Q: 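Have a look at this one before I ask anything.
From a predicted model like this one, the values you see are computed outputs, not experimental measurements.
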Amino acid sequence: ELPPSERFRKQYPGPSPDNYFNNEITSALLSTQNPLEILIMTRSGKIFLGNIQTRKVVKVKEVFAENDNDQLNCGIQKEGNRYLLGTLSTKLLWYDLEKNQISSNADFQNVIKNNPIIDLFVTFKGNLWILENNGLNFFSYNSTYQNIFDKASVFDILIKNKKIYL
């Protein structure tokens, strides 16, 4: 079977038109397993695969239905070609580039209290910091979910020299 980039290239041949993004706002630029390719995610939920060598960009997925009022706020590469997407309404979603498939995880949906996911950060141990509209949460895969700030406005986070700055 062909790798995702070749599969999409056969599906969408030719150069990317100049107006391909049609005034889209970028919410994430993420690496893939192929060092020549990047994923470009937009607020409206469109996912594009770009090749930095050929300078071609192809739309590979739309996260939301056409009339859905949701928004893709952030994305991170979690493992291989699997990505976590933070949204305005549907909380966290998985995107699998190999299968070109969006799915949700019941564990995430049940423990996250506030809807708008503002940003995500993966620790070196693979755990997840979730910056929400009204709080900051820590999701450890080896223990329970921890709500650090509830109903508090946190706009950004920086982890540097073993300290957390909010």
Side-chain angles (χ1 to χ4, degrees), residues 1-14 16-17 19-52 54 56-123 125-142 145 147 157:
E1 184 174 320
L2 293 172
S5 58
E6 291 301 316
R7 205 168 51 236
F8 298 132
R9 204 168 284 116
K10 286 186 181 285
Q11 232 176 338
Y12 308 101
S16 307
N19 63 348
Y20 202 62
F21 291 102
N22 198 21
N23 297 322
E24 294 278 350
I25 297 172
T26 303
S27 56
L29 292 171
L30 304 169
S31 61
T32 68
Q33 294 293 90
N34 182 339
L36 295 176
E37 295 179 334
I38 59 169
L39 279 182
I40 305 161
M41 300 183 180
T42 67
R43 287 272 167 96
S44 67
K46 293 180 178 75
I47 301 176
F48 298 88
L49 184 66
N51 186 300
I52 59 175
T54 64
K56 290 184 181 178
V57 175
V58 293
K59 182 169 66 171
V60 295
K61 190 70 174 175
E62 291 206 30
V63 177
F64 310 117
E66 188 174 327
N67 293 328
D68 200 340
N69 213 13
D70 210 341
Q71 177 176 297
L72 181 60
N73 291 332
C74 57
I76 56 169
Q77 186 176 16
K78 184 67 173 95
E79 51 201 36
N81 275 335
R82 286 180 45 99
Y83 302 84
L84 271 174
L85 313 178
T87 69
L88 184 66
S89 304
T90 50
K91 300 180 184 177
L92 287 175
L93 298 172
W94 281 106
Y95 174 60
D96 187 324
L97 178 61
E98 298 293 326
K99 297 176 184 174
N100 197 27
Q101 184 177 24
I102 300 287
S103 60
S104 63
N105 181 316
D107 290 339
F108 289 141
Q109 306 309 335
N110 292 333
V111 296
I112 297 174
K113 294 181 181 181
N114 301 305
N115 270 351
I117 304 297
I118 306 301
D119 209 352
L120 302 167
F121 178 79
V122 177
T123 69
K125 291 183 179 180
N127 297 317
L128 185 65
W129 284 99
I130 304 167
L131 180 60
E132 299 175 349
N133 189 44
N134 287 316
L136 175 66
N137 297 290
F138 181 72
F139 189 86
S140 172
Y141 290 94
N142 298 324
Y145 173 83
N147 188 355
I157 183 171

Q: Which distance, rounded to the nearest 0.5 Å, do you find between the CG of N73 and the CD1 of I25?
A: 11.0 Å
Q: Please identify each residue that fulfils side chain to side chain donor-acceptor pair (under 3.5 Å) with Q33, with sequence neighbours left out.
A: none
Q: Is any side-chain heavy atom of L39 closer than 4.5 Å to one of M41?
A: yes
Q: Rounded to the nearest 0.5 Å, what's the gap from CD on E62 to CG on D68? Could you check?
A: 11.0 Å
Q: Keeping T32 on the side-chain end and E37 on the backbone end, is there a donor-acceptor pair under 3.5 Å?
A: yes
Q: To check you understand the geometry: which heavy-atom pair defines the closest contact between L93 and S104, and what is its length?
A: CD2-CB, 4.0 Å
Q: Do D96 and S103 have side chains that approach each other closer than 4.5 Å (heavy atoms only, starting at C-beta)?
A: no
Q: Is there a side-chain contact between F64 and T87 in this structure, where contact means two heavy atoms from C-beta onward sitting under 4.5 Å apart?
A: yes
Q: Starting at CG of L128, measure out to CZ of F121 and round the result to the nearest 0.5 Å.
A: 10.0 Å
Q: Look up atom OG in S31 and atom CG in N81, then write down how far apart they are to the nearest 0.5 Å.
A: 8.5 Å
Q: Do Y95 and N100 have side-chain N/O donor and acceptor atoms under 3.5 Å apart?
A: yes
Q: Could you state the interatomic distance from CD (E98) to CZ (R82), rounded to the nearest 0.5 Å?
A: 11.0 Å
Q: So do the side chains of W129 and T123 get within less than 4.5 Å of each other, counting heavy atoms only?
A: yes
Q: Within the distance-only criterion (no hydrogens, no angle test), does the side chain of K46 pair as donor or acceptor with the backbone N or O of I40 below 3.5 angstrom?
A: no
Q: Which heavy atom in A28 sits nearest to a heavy atom in G75, and how many Å separate them?
A: CB-N, 3.8 Å
Q: Apply the side chain to side chain contact (heavy atoms under 4.5 Å, CB included) test between I130 and each candidate in L136, D119, L92, L84; give the one that qualifies.
A: L92
Q: Nearest 0.5 angstrom please: L85 CG to I117 CD1, how far?
A: 11.5 Å
Q: So, do R43 and L72 sit near enough that their side-chain heavy atoms are less than 4.5 Å apart?
A: no
